[in-house]
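Below: one structure, written as structure tokens.
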Amino acid sequence: MHSQTHLESLISFIKSTTQTTQLLQIHAYLLRTSLIQDTTFSVPFLRRISLQNLNYSLHTFSQISRPNAIHYNTMIRAYAMSNHPERGFYVYRDMMRQGIRPNPHSSSFVTKSCIRASLLFGGLQIHARIMRDGHHSDTLLLTALMEFYSGRGKCDDACKVFDEMPQLDTVAWNVLVSCYTRNGRTRDALGVFDTMRSGEHGCDPDDVTCLLVLQACSNMCAFEFGERVHQYIKDHGYIHALNLCNSLVAMYSKCGQMDKAYEVFQEIRNKDVVSWTAMISGFANNGHGREAINVFREMVRMGVSPDEQTFTALLSGCSHSGLLDEGRLIFNCMQREFHVVPNIHHYGCVVDLMGRVGLVEDAYELIMSMKCKPDATIWRTLLGACKVHGNLTLGEQVIEHLIELKAQEAGDYILLLNIYSSAGNWERVIETRKLMKEKGIQTTPSASTIELKGEIHEFKVDDTSHSRVNEVYEMLDEIEKQLKIGGYHAEITDNRLSYHSEKLAMAFGVLATPPGTKLRVAKDLRICTDCHNFAKKLSGVYNREVIIRDRIRFHHFREGRCSCNDFW
DNA sequence: CTAGGGTTAG
């Protein structure tokens with residue numbers, strides 16, 4: 001027989017080895033000696049092998065004549081993390097059929113299965129079981145369940161689980177924040193940060209909370225809130241965490257505060273590729289293409305290797321600032337000098353760059369020459385260029401490509417409509433409208449937000465839901481009257497004046513802040529030409545700086561000009 | 001009976 005010390009060393013060997021070949025030898029040995037039937041051996045072995053090879057763990061599992069809860073749990077976990085997460089759920093069901101009671105660990109693993117396999121009903125069943133088995137006080141388990149609801153877009157259900165948890169910890173709060181951010185309830189995410197800070201619940205925000213909240217600030221351009229988070233990070237000794245610093249650079253950039261972003265950036269001691277890229281992308285998105293290129297040069301000088309995303313940021317900077325030659329130069333050298341193979345995003349930037357200066361045919365050729373398959377975004381970029389340069393024939397060709405990809409959206413047709421109407425081709429306008437109706441393509445209203453004393457105000461097109469709606473419309477009319485003097489005429493589409501959300505947000509800003517205050521507006525879609533003109537004139541006539549962040553980039557309006565120089 | 005939850009920065 002085996003000696004006691006021999007068996008003990010076998011177990012510690014199983015736990016420590018990382019070599020698959022050794023594990024396989026042990027596997028054979030356990031089977032030969034029937035030690036596999038002894039849970040003292042089978043449990044650590046199964047656990048170990050399940051992290052390396054699913055087939056072997058399955059084989060081992062099948063050799064165990066009376067698997068216990070831990071064996072089952074190990075298998076559920078292995079499947080939950082595999083390419084077939086749904087099988088974890090099947091094992092869980094099998095376990096119950098065998099009359100083995102799931103413990104909180106089983107539920108935890110199987111919840112992961114349901115999350116990864118998008119099993120809605122599975123998750124609901126598990127929720128019911130958790131309650132029935134009396135595991136409704138297990139914080140870790142309920143946090144996993146929240147994550148499940150959060151991932152399925154069921155924010156309210158996640159909140160309900162949260163509210164009913166008897167014991168909360170920081171992780172649970174963080175999941176709540178990430179749930180809000182992921183499901184578009186950015187404002188509530190910021191609210192949670194304040195609630196946590198109030199100290200009423202005994203859970204202070206940690207570094208993860210800060211990371212999540214900074215993301216939320218970036219999303220909605222909440223600069224003042226972001227500053228407070230920055231202060232919190234300083235006060236709590238997180239300021240040397242590289243991920244937080246990089247997020248701060250991104251947050252300030254996304255709020256259009258380049259001086260602040262640069263300040264944080266400069267103080268980072270061990271700048272990595274992410275830090276450099278964040279800075280480049282910040283300058284790029286704010287229309288400072290030259291600065292973006294300078295930061296890139298500095299990065300190379302410091303010996304940090306740029307990667308795919310660095311070039312995406314850099315090339316997009318070139319396209320936002322209309323730097324055709326520089327962009328082409330970078331595109332041409334990225335593979336040769338930096339060994340980064342151009343991907344679809346890089347091509348997209350160059351297509352955009354060529355499209356802007358009117359080289360639409362060349363851009364089309366470039367797309368057709370790509371090794372990777374063109375996606376909807378790149379065609380859309382070219383379609384935008386066709387609109388700017390009134391190229392009707394190519395525009396129609398591009399729409400064909402989009403239709404072929406089954407990816408055409410309302411915005412694409414609107415662009416096409418604009419091309420037709422600029423060309424005075426009313427027949428085609430009517431045809432296209434009819435086509436849109438047939439295809440059931442609906443235009444979704446976009447929204448703009450503006451932050452005021454830390455509070456976020458949201459407006460939609462022709463919005464009437466704001467508490468000061470009458471004042472806002474009066475103010476907008478008043479502004480338009482003033483701007484008319486400055487040579488601005490509102491564009492009339494579809495025979496009527498429309499009150500775009502960004503105009504309403506700007507009007508509200510003028511209304512609710514003292515003269516000269518900077519206005520910072522975030523919009524979820526792209527700003528249109530008319531609103532762009534409106535903002536330009538407003539910045540001059542009212543002597544206000546206006547920053548509008550749209551889906552793609554920033555526009556800084558000042559003294560009647562925009563930082564983008566009309567390079568969209 | 002060892003096992004389980006949140007971040008994935010640009």
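The sequence lines fix the lettering, A, B, ..., with proteins before strands; numbering per chain opens at 1.
Ranking B:dT8, B:dG4, B:dC1 by closeness to the A:N68 side chain, first place goes to B:dC1. In the set B:dG4, B:dG10, B:dT8, B:dG10 carries the atom at the smallest distance from any side-chain atom of A:A250.
With hydrogens and angles ignored, a donor-acceptor pair under 3.5 angstrom links the side chain of A:D169 to the base of B:dG5.
The stretch residues 275-299 of chain A touches DNA chain B through A:T277, A:A278, A:S281, each having a heavy atom within less than 4.0 Å of the strand. Of the residues in residues 44-61 of chain A, those with a non-hydrogen atom less than 4.0 angstrom from any atom of DNA chain B are A:P44, A:R47. Listed by residue number, A:D138, A:T139, A:L140, A:L141, A:T143 are the residues of residues 130-146 of chain A with a heavy-atom contact under 4.0 Å to DNA chain B.
Applying the side chain to side chain donor-acceptor pair (under 3.5 Å) test to pairs two or more places apart or on separate chains, those with a residue in residues 286-301 of chain A are A:N286-A:H556, A:R290-A:E326, A:N294-A:R297, A:E298-A:R301. For residues 217-228 of chain A, the pairs satisfying side chain to side chain donor-acceptor pair (under 3.5 Å) are A:D194-A:R228, A:E227-A:K260, with sequence neighbours left out. Sequence neighbours left out, not one pair with a member in residues 100-123 of chain A passes salt bridge (charged side-chain N to carboxylate O under 4.0 Å, His left out).
A:S275 and A:N246 share a side-chain donor-acceptor pair at under 3.5 Å.
At a threshold of 4.0 angstrom between heavy atoms, the contacts of A:D307 include nucleobase atoms, whether or not backbone atoms are also involved.
Summarising the geometry, the separation between CD1 on A:I76 and P on B:dA3 is reported as 17 Å, rounded to the nearest angstrom.
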